[in-house]
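Worksheet for the structure shown next.
Heavy atoms only: backbone and side chains are in, while hydrogens, waters and symmetry mates are out. So you know, we letter chains A, B, ... as the sequences are listed, proteins then strands, and number each from 1.
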Amino acid sequence: MPELYSEILLDHYHLPRNKGELPGETLSVEGANPLCGDEITLHLKFEGDVLLNVTFTGKGCAISLASSSMLTEILMGKTITEIQEWIERFKEFIREGKAPDGVDLGDLAALAGIAKLPVRVKCATLPWSTMKEAISRYKGT
Amino acid sequence: MPELYSEILLDHYHLPRNKGELPGETLSVEGANPLCGDEITLHLKFEGDVLLNVTFTGKGCAISLASSSMLTEILMGKTITEIQEWIERFKEFIREGKAPDGVDLGDLAALAGIAKLPVRVKCATLPWSTMKEAISRYKGT
Amino acid sequence: MKSWEEIRQDFPILNVKINGKPLIYLDSAASSQKPVQVLQSYCGFCEQRYANVHRGIHTLGESATSDYEAARETVAKFVHAPTKDGLIFTRGTTESINLVARSYGHKFIKHGQAIVLTPMEHHANLIPWQLVAKAVGAELRFWPMQEDGTLDFEKGRKLLDNSVAMLCFTHISNVLGTVNPVREMIELAHQVGAKVLVDGAQAVPHMPVDLTELDADFYAFSGHKMLGPTGIGVLWGRPEVLNDMDPFLTGGEMIREVWLDHATWNEIPYKFEAGTPAIAEAVSMAAAARYLTEIGMERVHEHGRGLAKQAYARLSEIEDLTVYGPSEERGALATFNIEGIHPHDIAAILDGDGVAIRAGHHCAQPLMRWLGVAATARASFYIYNSESDIDVLVEAIRTTKKVLQHA
Amino acid sequence: MKSWEEIRQDFPILNVKINGKPLIYLDSAASSQKPVQVLQSYCGFCEQRYANVHRGIHTLGESATSDYEAARETVAKFVHAPTKDGLIFTRGTTESINLVARSYGHKFIKHGQAIVLTPMEHHANLIPWQLVAKAVGAELRFWPMQEDGTLDFEKGRKLLDNSVAMLCFTHISNVLGTVNPVREMIELAHQVGAKVLVDGAQAVPHMPVDLTELDADFYAFSGHKMLGPTGIGVLWGRPEVLNDMDPFLTGGEMIREVWLDHATWNEIPYKFEAGTPAIAEAVSMAAAARYLTEIGMERVHEHGRGLAKQAYARLSEIEDLTVYGPSEERGALATFNIEGIHPHDIAAILDGDGVAIRAGHHCAQPLMRWLGVAATARASFYIYNSESDIDVLVEAIRTTKKVLQHA
Ligand SMILES: Cc1ncc(COP(=O)(O)O)c(C=O)c1O
Ligand SMILES: Cc1ncc(COP(=O)(O)O)c(C=O)c1O
């Protein structure tokens, strides 16, 4: 079994957190990776600066689905500033293959192997770049 | 010294036979090899079917000049049919690198090495293809 | 006669361990591995006979030119081309098709005429024609397929009327494995006066191809899929047609005379080979052709067909697994999906067992849409594969299912 | 630090005997020989890390992709490119220039605008612009040269007005050895809003090139002239400009989404790399760049300059012999003619002594006309040449004169 398909990753894949529609959502944003056929929609409910609730729907590979599931767990309840920090942290993490100094990534750490697999980076990144898009849309409203 | 630059070849190069204009010529035909910059003009005097006299002018490498000189010696006084036979013989000779069975090539034999030097074949062939053109023009008149 | 086991030993890469397991390389449809004979030809040429071609009067210039031209002859013979003058060395199938689209298509296909393609084309044999159609105002028509991924002849025949300028299609589909009836299709197209381009990228490596008999106007293939190097491929074109076409790339070698403000062109095939060609690559593509000829293309074909048939049968037995394309008479590959599992995950988990397959759209996005999927997994075979590779594949797929299928 | 003698030993071809004599290879301006390090990189990659790139999810697909992308980075660094995203792998300089002519020229150069070239351009940097000019109705202007084969700045400056869309010229002339003042010329062109393409085929192998400092919009060079393989070359383009351009070849890899009737494009550089690239060639072109970097490009430059200077001086001493181009500050070559002897004969007779030089028009027919000759002979140098090679050259030329000059 390739290292990437760790127990943690498979757990998020088989038992995705916060999967499903979000009634009363503030907005939803679709992200797609046409080369893979991954399509993930994030559903977000904001109250002012705070992301009260976030869920996801869509289809994709285990990496993009698990990454989406992890994203919802981490960002739930965070402020926009915190979310933006997390997006940057995630980018650095994926590029370097290890957590930025002093940051506890939690389950996300299971994606460390991605840095060595350029073809799969986009799968892990998809929900995060979708989140970035969502924030800029929300702030634009 | 490369084999190709034999004594016979150099002799024709240094002391070209039948080089110069041909007063009273029936026609003259220019052949050129733009890749090398070779330009050879054949001057021909026919009487009916017979090539009474042939000379050449122009510039080129040792191979094309020597080949021109040899051509004039061989074809002088020949009939059109004989000339056409010689053109075919020459082609075969250059392609195969040896004389067709039972044919004495005389000085031309010095060009045998050309078959192995694809880049130079066009130099040796230039006066002969010019001759072919000349015959067809003469017959067309 | 070399045994399949001896043949395997010609491929150094098969000794590489993947995640501690022996490599089972099932991705030859994307690109094949190279035998030592090809690598030795490459290095031997560079170490002993190398120089630029066509203009060198020195010994190395002559040896390189004669090796390069001999390569043209060898490759032309390999596909039984009617003449080697029509054999143009390109970077690969993609460049070959682009050459035809630009130098033939833009010049000869007229407003209101039609270009007929199939829905199973690789992007390389689709996008160049989209651009020609747009530029000249031609119409694109698609020859319909039947449910099993073979072409529907009744419907296709009706598309071929006098307005058709060109029919372009793949000899063997790189996804479905469909082997198209090239001879018949060309005859139909020629009856309405259309020119035909055949994409032979998946055919030339795997079966005897006889261009004289097929009578295509253009035929394209790549070196890297037939045990040869990257960076080299072929366009064969009918000389009369090539002569009428405009040049493609321009520069050295393709010219005859050049002035500051204009130029005239060299004869074919040189007219279409601008600049320093991929000399060492052409020489070792010819070595690959010789290697395959020594094994015998009939035998190569039999072997690939056998593996494809077996793979189709064995994979079809697996629950929730769909194999695409016709069950009989197929190219040396099997493309499939497993219910509820993304093909990328299949490929990644198989890699853990040393099994290299491809997953994605295989440069055939319209065909993916036709199949109603975003992507597929594909196992493809070549002379270094054996039945035991299929055993490992099937076993690895069972593991994948266990890990990834939802309970 | 490796000595020149040790460097020579890296080139297996130097052991080949030509007509029983040691090979003196003086034709590197046409194509350079390859050190074992490059050949080993080629074979090592094919034997251990090969697969098709960009889409493989298996281990070999990943190793090949990462080697290919690392090669892009290495080569970009070698020429100090501001970013590697603008580095497109092509077949060579010729394809690179054709890419710009088609994808930039046809789209952005307008009727009535001018394209400025020089009379010393290689056909590869002339004919593509002739065709653009003809297609869009642009004017070709030629920056005049001075007697010694350097550009006339007074006259050239006047050509550069607001109607100029593009300035295209060679960094170093492959015939005259002229080293053009690239930085100044680019500045002049940018002042009138023109884009600049520099043909670096003869520069990159021989001197440190810093694309960040030069500020060219496009810069083209070939692998095979810098100790690398055939079949690979580079176009570096400014990313903002590349982004605005239409694709060149179309097919796999350069797309983003494809439907039956249209498609969208991938980001740069992939947008310009249709089909399977020359993967192994890119990897070993990077090996060549590393090999040169290890020697040090300053040192390579010094060596070539020294040999060129010496050759110029020694050849000039020979009676009836004319050396072309500037006497100072020249590329690593010397082009010449001997009164009354055709250059083809010089090359052929030198070959008898194992000396490989080039004779002909060197893909620069308009320049030959400017020089008033049909052809020239050229001795060109690289890191495996030494002063003693010039001794042999000069001696062999004396023999040639004895044999061929009329008494
Ligand atoms: C100055 C110059 N430009 C362009 C080229 C063409 O390069 P290539 O044949 O590698 O495309 C050459 C080499 O012949 C050259 O010397
Ligand atoms: C059917 C088909 N056509 C065209 C191509 C493109 O070939 P290349 O990438 O060698 O240009 C391929 C290979 O990917 C193919 O399978």
Side-chain angles (χ1 to χ4, degrees), chain A residues 1-20 30-41 56-70 94 97 110-130, chain C residues 17-21 23-24 27 30-31 123 127 175 335 337-378 392 395-407:
Chain A
M1 184 62 42
E3 184 187 347
L4 188 58
Y5 290 78
S6 61
E7 246 171 74
I8 296 175
L9 183 128
L10 289 174
D11 182 55
H12 277 274
Y13 172 67
H14 286 302
L15 302 167
R17 327 295 196 255
N18 307 306
K19 184 154 193 214
E30 191 189 292
N33 190 340
L35 290 183
C36 307
D38 293 347
E39 288 169 6
I40 299 287
T41 303
F56 76 100
T57 52
K59 63 197 171 73
C61 66
I63 312 298
S64 59
L65 294 174
S67 180
S68 302
S69 167
M70 293 172 187
I94 288 294
L111 293 175
I114 281 281
K116 283 179 292 177
L117 306 171
V119 183
R120 309 292 313 264
V121 164
K122 286 198 172 159
C123 310
T125 310
L126 179 59
W128 293 86
S129 50
T130 309
Chain C
K17 290 277 178 294
I18 303 293
N19 298 312
K21 310 272 172 60
L23 166 64
I24 311 284
D27 195 19
S31 196
H123 294 159
I127 306 176
V175 175
T335 298
N337 256 318
I338 303 172
E339 179 77 36
I341 306 186
H342 194 289
H344 281 183
D345 293 322
I346 306 179
I349 295 187
L350 258 56
D351 187 55
D353 288 331
V355 180
I357 66 161
R358 186 138 295 227
H361 55 58
H362 313 290
C363 295
Q365 288 183 7
L367 180 58
M368 294 297 115
R369 273 186 218 105
W370 186 87
L371 292 170
V373 297
T376 61
R378 178 184 71 191
V392 180
E395 197 44 45
I397 288 178
R398 293 198 190 278
T399 313
T400 309
K401 285 188 65 185
K402 236 175 279 165
V403 176
L404 285 189
Q405 258 186 351
H406 294 275

Open item on the list: Counting only heavy atoms not in Lys402(C) (residues, nucleotides, ligands), do more than 12 fall under 6.0 Å from its NZ?
Closed with: no
Open item on the list: Heavy-atom pairs under 4.5 Å with chain A: which of Asn19(C), Val403(C), Asp353(C), Asp351(C) has the most?
Closed with: Val403(C)
- [ ] For chain A, find its close neighbours in residues 355-366 of chain C: heavy-atom separation under 4.5 Å, sorted by number, or none.
- [x] His361(C), Gln365(C)
Open item on the list: Given heavy-atom pairs under 4.5 angstrom as the criterion, report whether the side chain, backbone, both or neither of Val373(C) touches chain A.
Closed with: neither
Open item on the list: For Tyr5(A), which atoms come within 4.5 Å of any heavy atom of chain C: side chain, backbone, both, or neither?
Closed with: side chain
TODO: May I ask you to list the residues in residues 340-348 of chain C that approach chain A closer than 4.5 angstrom, counting heavy atoms only, ordered by number?
DONE: Gly340(C), Ile341(C), His342(C), His344(C), Asp345(C), Ala348(C)
TODO: Check whether Leu404(C) gets within reach of chain A through its side chain, its backbone, both or neither, counting any heavy atom under 4.5 Å.
DONE: both
Task: Within 6.0 angstrom of Glu339(C) CD, more than 12 heavy atoms from elsewhere - done: no
Open item on the list: With a sphere of 6.0 Å drawn around NZ of Lys19(A), does it hold more than 12 non-hydrogen atoms of other residues, nucleotides or ligands?
Closed with: yes
